[in-house]
Amino acid sequence: MKNSPAFVIGAGAILFAALAFVPFYVDGYGLALAIGIASYTILATAWALFSGPTRYISLATVAFFGVGAYTVAVLGEVLPWPLVMLVAAINGMLLALVVGLSTLRLAGIYFVIFTFGLTELIKQLVTWYEVKITRTVGRYVFLDIDQQTIYWQLLALAAILFLVGYLIGRSRLGFALRIIGGDETVARHVGIDTTHAKVALFVLSALFMTLTGAIMAPRWTYIDPAIAFNPQVSFQAVIMALLGGVQRLWGPVLGVIPMTLLFEYLNANFPNYFILILGIVFMLIVYLLPQGVAGAVSSLRAWSRRDGKSVEEAR
Amino acid sequence: MSTLLQVSGVTKRFGGLTAVREASFVVKAGEILGLLGPNGSGKTTMMNLISGNLRPDAGGIAFENTEIAGRRPHLIARDGVARTFQLVRVVGEMNARENVMAGLAFRKSPLWGSAAEDEADRLLERVGLAGRAQTPAADMTYIDQKRLELARALGLKPRLLLLDEWLAGLNQTELEGGVSLIRSLGEDGVTVIMVEHVMAAIRSLCGRCVVMNAGAIIAEGSTGDVMADPAVVSAYLGDEHA
Ligand SMILES: Nc1ncnc2c1ncn2[C@@H]1O[C@H](COP(=O)(O)OP(=O)(O)O)[C@@H](O)[C@H]1O
Ligand SMILES: [Mg+2]
């Protein structure tokens with residue numbers, strides 16, 4: 001019963017409905033934190049949606065996030081909000097399609113480097129365009145969208161993401177991705193169009209990242225390429241997802257909450273060392289918790305109720 | 001018997017090494033064909049070319065009169081060509097049932113959900129893994145992983161099955177079970193190409209054999225004739241003396 005789709009989706013709906021009341025119980029700082037947690041929950045979960053099963057480490061998160069934010073900066077005052085979101089979604093998905101088709105044949109570290117380079121390339125392109133063509137460096141975003149509304153939009157997006165992630169996990173596409181992650185040669189030989197499956201998930205994951213950027217854009221009244229395409233965002237999303245664990249849909253969020261608080265603290269108190277600390281945290285997580293917190297929790301649970309079975313088996 | 005697979009003048013090079021050289025042979029519908037040859041003679045490469053894992057540098061491969069050489073492997077698999085691997089390949093972190101469902105979920109007429117689970121369990125039983133559905137593939141013995149691979153391949157409902165040394169490493173009892181399993185597949189109408197070194201199994205299963213040496217086909221014909229062929233005998237003896 002506990003695993004029936006109706007139960008899981010129902011429980012999820014109640015949880016998200018409850019979270020919608022958060023703005024009524026917190027002050028401005030609390031709301032800012034909630035927005036940070038909600039946005040990284042989407043980024044890290046969307047990242048894990050693709051990278052969890054395939055094990056491709058993408059550092060392009062902020063490329064999509066930035067495209068979403070920039071779409072809002074350019075069109076926010078021109079088009080109605082739903083249309084702006086739609087254009088952002090299309091931009092992000094097109095970019096993901098091009099990137100996916102051209103890079104998913106790359107393996108391991110080459111993919112990591114390419115996605116990182118891509119983000120820088122897009123940042124430079126936008127900078128060049130703004131300076132040469134529009135003769136500005138940054139843009140002002142004057143939209144009448146308050147913090148609560150931003151939080152609710154993020155919450156709604158997160159709810160959709162979890163629903164989509166849950167359904168994919170039960171679908172043939174999700175199954176295909178797990179087989180690809182396990183052994184791509186096997187995947188091809190059982191009839192899976194591996195390129196198709198990977199690109200589909202990559203594009204879907206990018207869609208959520210792009211929309212997060214679009215929703216977040218009105219928070220900054222001023223944005224420029226360095227803000228919108230800040231690579232720290234990509235690194236933080238990866239760290240959070242890996243810390244929480246990418247093998248389960250609810251894994252990344254376990255990393256998001258403590259890390260958002262920690263990064264907040266570090267950024268406020270040690271701004272000069274922040275990147276260094278980020279790097280160290282990154283390495284510690286990769287070495288100490290390769291399965292993430294979610295993996296460790298599962299192992300622990302299996303271990304505490306093991307009846308002659310080993311932890312490995314129960315996983 | 002009609003021709004199911006026609007390999008014509010296929011060549012595959014790895015850098016300076018020609019692993020398969022202008023190979024031609026036919027596989028007839030319904031037969032169990034032995035693909036023999038000393039180590040390094042190009043048998044696995046030949047299997048990879050047929051399954052689409054490798055692309056030939058020259059030549060053609062026709063399956064049911066359709067050219068498949070160089071097509072992507074998932075399309076060839078959906079067309080009805082399934083295989084096992086010489087170095088066994090299963091998805092270790094999935095259980096046995098899921099590994100077999102991998103073969104069911106993406107074929108031309110896919111199965112999913114409880115229909116796939118039931119069919120997977122039936123195939124597990126067929127290969128001798130009844131009751132092991134929940135066992136993670138990584139925890140299985142090498143032999144059981146090979147059985148699992150076969151169940152997955154059968155899940156594709158293949159018309160052509162490629163077995164690359166599937167009987168290697170079995171003890172005498174397991175070998176007898178394996179031989180009768182392959183024979184039953186043949187009786188079900190599955191055409192089989194089996195790369196094998198176990199001569200007793202070849203004699204009892206294969207009506208015809210193709211023999212390779214240093215990338216070239218050196219003999220093709222009925223198993224008895226091929227085994228008596230002086231070129232085949234010297235290829236094997238030469239290999240042992242090398
Ligand atoms: N992917 C590869 N890259 C380079 N050489 C290869 C590759 N696969 C096979 N070979 C070489 O091709 C030859 C034939 O190998 P193979 O087909 O595996 O032989 P067999 O299966 O008959 O033992 C061997 O010399 C082997 O080293
Ligand atoms: Mg071989």
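Convention: sequence-line order gives letters A, B, ...; per-chain numbering from 1. Given the structure is predicted, the values throughout are model-derived calculations rather than measurements.
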I'd like to know whether CG of B/N65 has more than 12 heavy-atom contacts from other residues, nucleotides or ligands below 6.0 angstrom.
no

How many angstroms lie between atom CG of A/D193 and atom CZ of B/R78, to the nearest 0.5 angstrom?
6.0 Å

Please classify the contact of B/Q134 with chain A as side chain, backbone, both or neither, using a heavy-atom distance under 4.5 Å.
neither

For each of B/G113, B/A138, B/P110, tally heavy-atom pairs with chain A at distances under 4.5 Å, and name the one with the top tally.
B/P110

OH/A/Y110: more than 12 non-hydrogen atoms of other groups inside 6.0 Å
no

Are side-chain heavy atoms of A/I179 and B/M101 found at a separation under 4.5 Å?
no

Portion of A/R170 that has a non-hydrogen atom of chain B nearer than 4.5 angstrom:
backbone

Inter-residue atom distance A/T185.OG1 - B/R83.CZ, 0.5 Å rounding
9.0 Å

Which bit of B/R72 comes within less than 4.5 Å of chain A, counting heavy atoms only: side chain, backbone, both or neither?
side chain

Comparing A/A187, A/S171, A/G182 against chain B, the one with the most heavy-atom pairs below 4.5 Å turns out to be A/S171

If you count the non-hydrogen atoms of other residues, nucleotides and ligands that lie under 6.0 Å from CD in B/E125, is the total more than 12?
no

Taking B/A105's backbone N and O only, do any of them form a donor-acceptor pair with A/R172's side chain (distance below 3.5 Å, no angle check)?
yes

Do the non-hydrogen side-chain atoms of A/V190 and B/R152 ever get within less than 4.5 Å of each other?
yes

Residue pair B/N53, A/H189: steps toward the side-chain contact (heavy atoms from CB on, under 4.5 Å) verdict:
CA-CA 8 Å; B/N53 204 24; A/H189 283 89; 3.4 Å; yes

Taking the inter-plane angle between the rings of A/F175 and B/F106 on a 0 to 90° scale, is it parallel (under 30°), tilted (30 to 60°) or perpendicular (over 60°)?
parallel

Tell me, for B/A82 versus chain A, whether the close heavy atoms (under 4.5 Å) come from the side chain, the backbone, both or neither.
neither

Which pair of heavy atoms, one from A/G191 and one from B/A77, lies closest together, and at what distance?
N-CB, 3.8 Å

